[in-house]
Amino acid sequence: MAQLDFYPISVTYKVEKNAADTAPSAEMQPTIELYGRAIAENNQLRQACVKYEGFRPYFWVIPSQEAEEASQQLQQIKAENPELKVTGTEVHTKNYFGKEVKAVKVIVNIPAAVSQLREKAKEFGTVLEADIPFARRFMIDKRLMPVALYKTEFTPLTSAAAEEERKSKVPTYATQMLSQVSEEMHEPRILAIDIETHNPLGKTMLPEEHPILMAALCGEGFRKVLTWKKFPTQLDYIEFVNSEVELLERLKQHIEQYGPDILTGYFSDVFDLPYIRARAERYKIRLDIGLDGSQPRVEKTAANTTTDITGIVHIDVFKFIRKVMFSSLQTTVYDLSSVAKEILNQAKDDVDIDQLYMAWDNHHGEQLESYCAYNLQDAQLTLNLCRKLMPNIMELTRTIGLPMFDVSRMSYSQLVEWYLIRQAREFNELTPNRPSNQEESQRRMTSYTGGFVYEPTPGLYKDIVVFDFMSLYPTIISAHNVSPDTLNCSCCVNSIQNKVPGEESAWFCTKRRGFIPTVIDEVIKRRIRVKEILKAAGEDKTLNARQMALKTIANSMYGYFGFFGARWYNIECAKAITAFGRNHIQKVIEQAKNKGFRVIYGDTDSVFLALDGKTKEDVQGFVAEVNKSLPGMMELDYEGFYPSGIFVGTKGTGQGAKKKYALISEEGRIKIRGFETVRRNLSTIAKETQEKVLDIILRENNPEAAIEYAKGIVSDVRGRKTATAKMVITTQLQKEISSYESYGPHVAAAQRMKDQGIPAGPGSVIRYVVVTGSERIRDRVKLPEEVAEGEYDPEYYINNQIVPAVEKIFDVFGYDSAELAAEKTQKKLQAWFG
DNA sequence: CCATATCGGGG
DNA sequence: GTGTACGATATGG
């Protein structure tokens, strides 16, 4: 026996006959295969496979009869297929929704036996955990942490296994033991891939017909574009081959030589890898890039396609961005160009991909060269994205404790759910089943009340202090023990301590901690620890990603309770959380009023108070008093002081608008919330006017001056004195021009671009100016370059841009913005008489 | 108006 | 393969 230092990166399994048993009747058994990096004799890290035998699939049955008896009978159940069998049963004491139960662990020979035998087992009671994939089950049960350092004692492989090893591309070890020695991580080796294909039909792509023309690979100190039509070039990364067949062969060789831990692409689950696989199949080429000599597996399900490679983690950056990163991104268009722009601040070269097939067919060397550069750029951007997101993907992987391949494709609800499943085992809890379709559609119907909003009286306020609850919903779950297994317990019927406010009879146990609160406590505490270390250690990408991962889990828990597909779904819990939340913020508002503060505004987890001459001590006293009365980890934080702020009304009723205000900080920074005009695509002139108007009101406290300022702008615009550059309206095209139902001005502008040979497709930034005329607006749209100074339509900009941007603000002071628009007549009359 | 279908990403 | 999306928007009834 020898020692092996090993970083497991991916986990899979194989089902094969017992290697030690050479008889034809040998038993089938699963072998876990861990792929990763091992420290070799020369101290270098090299790819390796570690096999683990002896872990068996199982599921649970909570029997409706006596447990020992059920155990005996379950031992006897048989599947149609005699190769699938029960190898043993055990009775355990487990927890299920807060109750101690006797459960039978039904252990079977191979994973495929679970799906067959669970049907038979249903006759004996409730079947649980029969839908947890085997590799995940292994990681959860063995507490395996991916990418961390493990020491393992390995034994020499038997001769049959050695035979097996010849199929493997990496050295293979067998082990019976894995123990984590440190959290130290291996920095994964990443290779990005991108292909360009023959595209005579535009977006319609037919892998059976259209060949791959170019393939780019990009890694650490490695970049390559393979293509099979030659042209003169100075570009050192281009490698010419003679045919598509040779391109595929070389691609395979390069990947093998580079030896990546991670192969990444953009939409490569659905496009690049399946396409390469399809082309290879057509030529009968074995695309055996898997470390066990297997080909990429394209798995298509009803609504999702993934591509898996044994031993190499395939990361589709697009999937991770759309499922997890979207919440922190501005862009709503997830093409590589928009995403790279926002995350990396790197722009993509403008290349008209529609023309690629023509350049190829006509053997246009110069153009082909630029397409090669474009191909490489896409691979480079994908690599950069993957590198940038790697700390987040790794920390999520290490937090959830499942394969990186799986975690990088999970939505928030799945991340929370699998975190809970892993924790469930630690707390001896049984994992509930997923809802049936019928149950799911029932759940979809229910809705409930959200956060509390204290409606503001429109107006200009001075000296505002803002407070908010730190992680309101996670701390409520913890403080009030909100969990399906503590809901309406029989031991606390008359207790008022955790009674849900406003609910006739709903309460949570005050004696026994629930499963979810226990888990969320741990998450919050871990995050606090990480943040402390972070504070002491300074900026650290890994630690920051770790606290983000924990924050993600904690913040998703409330939404998870109300998510129709959740195993731990509980609408009563979701309702209770918002009810407790409303109650707490209302109590804070009450306490503030009792202390003599004037309440301006409040929303879900925050309150805005007018200081009205009160001191810093008064504020501190108030916060201290509130926090003394709050249960558990709940905490009201002082968010900030604002010398001035404006709250506007809604259009119809003139009542205070929710989530719509502007504040100025002591440092003079203006914070604008919810003015839809800020979000909408406005011209620079309208944005500038809105900002300046708010600035004058908040900074100088002088609404009259703001109105005068706006009048001046209107007069300048009307006099055509404003620079055309400020009239440019910028929007992003969401789809193909032809697919727009309503032909709005931005679509007209996009068409104009296209007519001039400028590519304009989904994601393209469209810039246009509306010029004078009596036609429809869309017929008066011009590109900025086409517009002469003073050619813009003043009335359009005044009525559709400037006035809407400021009218709600002026409403607060009783000023009718119609007067602004009517400035014309006054000016003219003045000129006439003046 | 509500219910159902399609799309996104990739070339 | 012990399992699989989802939310927005357009179109149809």
Side-chain angles (χ1 to χ4, degrees), chain A residues 12-15 30 56-60 84 106 108 110-119 121 127-138 140 193-207 209-214 265-276 297 299-306 308 316-323 326 331-339 351-357 360 371 374-375 378 382 402 406 409-414 417-418 421 431 433-434 444 563-565 567 734-736 739-742 761-763:
Chain A
T12 180
Y13 71 94
K14 284 211 168 54
V15 174
R56 293 298 168 131
Y58 66 89
F59 58 90
W60 295 98
L84 310 175
V106 181
V108 300
I110 56 170
V114 174
S115 62
Q116 300 281 311
L117 292 164
R118 69 179 170 204
E119 296 306 319
V127 172
L128 293 167
E129 302 191 16
D131 58 356
I132 295 175
F134 189 57
R136 292 190 187 185
R137 177 90 269 172
F138 175 79
I140 291 167
I193 189 166
D194 182 56
I195 60 166
E196 308 298 332
T197 63
H198 200 240
N199 57 349
L201 303 178
K203 272 184 95 68
T204 309
M205 286 166 268
L206 306 170
E209 286 174 38
H210 307 319
I212 297 171
L213 309 181
M214 297 163 185
Y266 202 83
F267 205 56
S268 45
D269 257 349
V270 190
F271 181 68
D272 300 76
L273 293 189
Y275 207 106
I276 293 168
R297 284 174 302 285
E299 273 155 40
K300 284 186 196 172
T301 54
N304 194 19
T305 302
T306 56
D308 195 4
D316 185 341
V317 176
F318 164 74
K319 283 238 170 101
F320 183 70
I321 286 170
R322 215 200 38 193
K323 293 194 169 175
F326 76 95
T331 182
T332 52
V333 178
Y334 295 110
D335 62 355
L336 182 56
S337 165
S338 314
V339 166
V351 167
D352 191 353
I353 197 71
D354 288 336
Q355 310 283 318
L356 169 59
Y357 79 98
W360 183 267
Y371 281 114
Y374 170 85
N375 189 197
D378 277 6
T382 304
L402 291 178
D406 300 18
R409 286 165 179 75
M410 283 181 176
S411 58
Y412 281 117
S413 64
Q414 285 173 295
E417 185 151 283
W418 285 98
I421 292 172
T431 294
N433 287 324
R434 296 166 48 82
R444 279 174 194 265
F563 169 58
F564 56 81
R567 291 171 189 260
Q734 298 294 328
K735 50 189 182 179
E736 288 299 339
S739 57
Y740 271 94
E741 188 79 355
S742 59

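Values below: all heavy atoms of this structure, side chains included; hydrogens, waters and symmetry mates excluded. Reminder, nothing fancy here: chain letters follow the sequence lines and each chain counts from 1.
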Over 12 non-hydrogen atoms of neighbours within 6.0 angstrom of NZ in A:Lys300: no
Please determine whether a side-chain nitrogen or oxygen atom of A:Ser411 lies at a distance below 4.0 Å from atom OP1 or OP2 of C:dA5. no
Non-hydrogen side-chain atoms of A:Tyr374 and A:Ile353 separated by less than 4.5 Å: yes
With respect to the phosphate group of C:dC6, does any side-chain polar atom (N or O) of A:Tyr412 fall under 4.0 Å of OP1 or OP2? no
Rounded to the nearest angstrom, tell me the gap between atom OH in A:Tyr374 and atom C1' in B:dG10. 9 Å
Ranking C:dT2, C:dA5, B:dG9 by distance to the side chain of A:Phe318, first place goes to B:dG9
Strictly by modelled atom types, are A:Ser338 and A:Asp335 linked by a side-chain donor-acceptor pair under 3.5 Å? yes
Separation of B:dC7 C1' from A:Lys319 NZ (nearest whole Å): 15 Å
Spacing between A:Leu402 atom CG and C:dT2 atom P, to the nearest angstrom: 14 Å
Considering only atom P, compute the distance from C:dG7 to C:dG3 and round it to an integer number of Å. 23 Å
Has A:Arg322 got a side-chain N or O lying under 4.0 Å from the OP1 or OP2 atom of B:dG10? no
Which value, in whole Å, describes the distance between the C1' atoms of nucleotides C:dT2 and C:dC6? 24 Å
Across the strands shown, which category fits A:Tyr13 at heavy-atom distances under 4.0 angstrom: base, sugar-phosphate, nothing? sugar-phosphate
Considering only side-chain heavy atoms of A:Thr197, which listed nucleotide, C:dT2, B:dG11, B:dG10, is closest? B:dG11
Give the nucleotide from the list C:dC6, B:dG11, B:dG9 with an atom nearest to the side chain of A:Phe563. C:dC6
Of the options C:dG1, B:dG10, C:dT2, whose atoms approach the side-chain atoms of A:Met205 most closely? B:dG10
Between CD1 of A:Ile212 and P of B:dG10 the distance, given in whole Å, is 17 Å
For C:dC6, does either OP1 or OP2 sit under 4.0 Å from a side-chain N or O belonging to A:Ser413? yes
5'-most contact on DNA chain C: A:Val114 or A:Phe564, nearest heavy atom basis? A:Val114
Rounding to the closest angstrom, what is the interatomic distance between B:dG9 and C:dA10 at atom P? 14 Å
Please determine, for the side chain of A:Ile132, which listed nucleotide (C:dT2, C:dA5, B:dG10) has the closest atom? C:dT2
Of all the choices, B:dG11, C:dG1, B:dG9, which nucleotide is nearest to the side chain of A:Leu356 once you look at every atom? B:dG11
Compare side-chain N and O positions of A:Arg434 against OP1 and OP2 of C:dT4 and report whether any pair is under 4.0 Å apart. yes
Measure from CH2 on A:Trp418 to P on C:dT4 and round the result to the nearest Å. 10 Å
Is there a donor and acceptor pair closer than 3.5 Å between the side chain of A:Asp354 and the base of B:dG11? yes
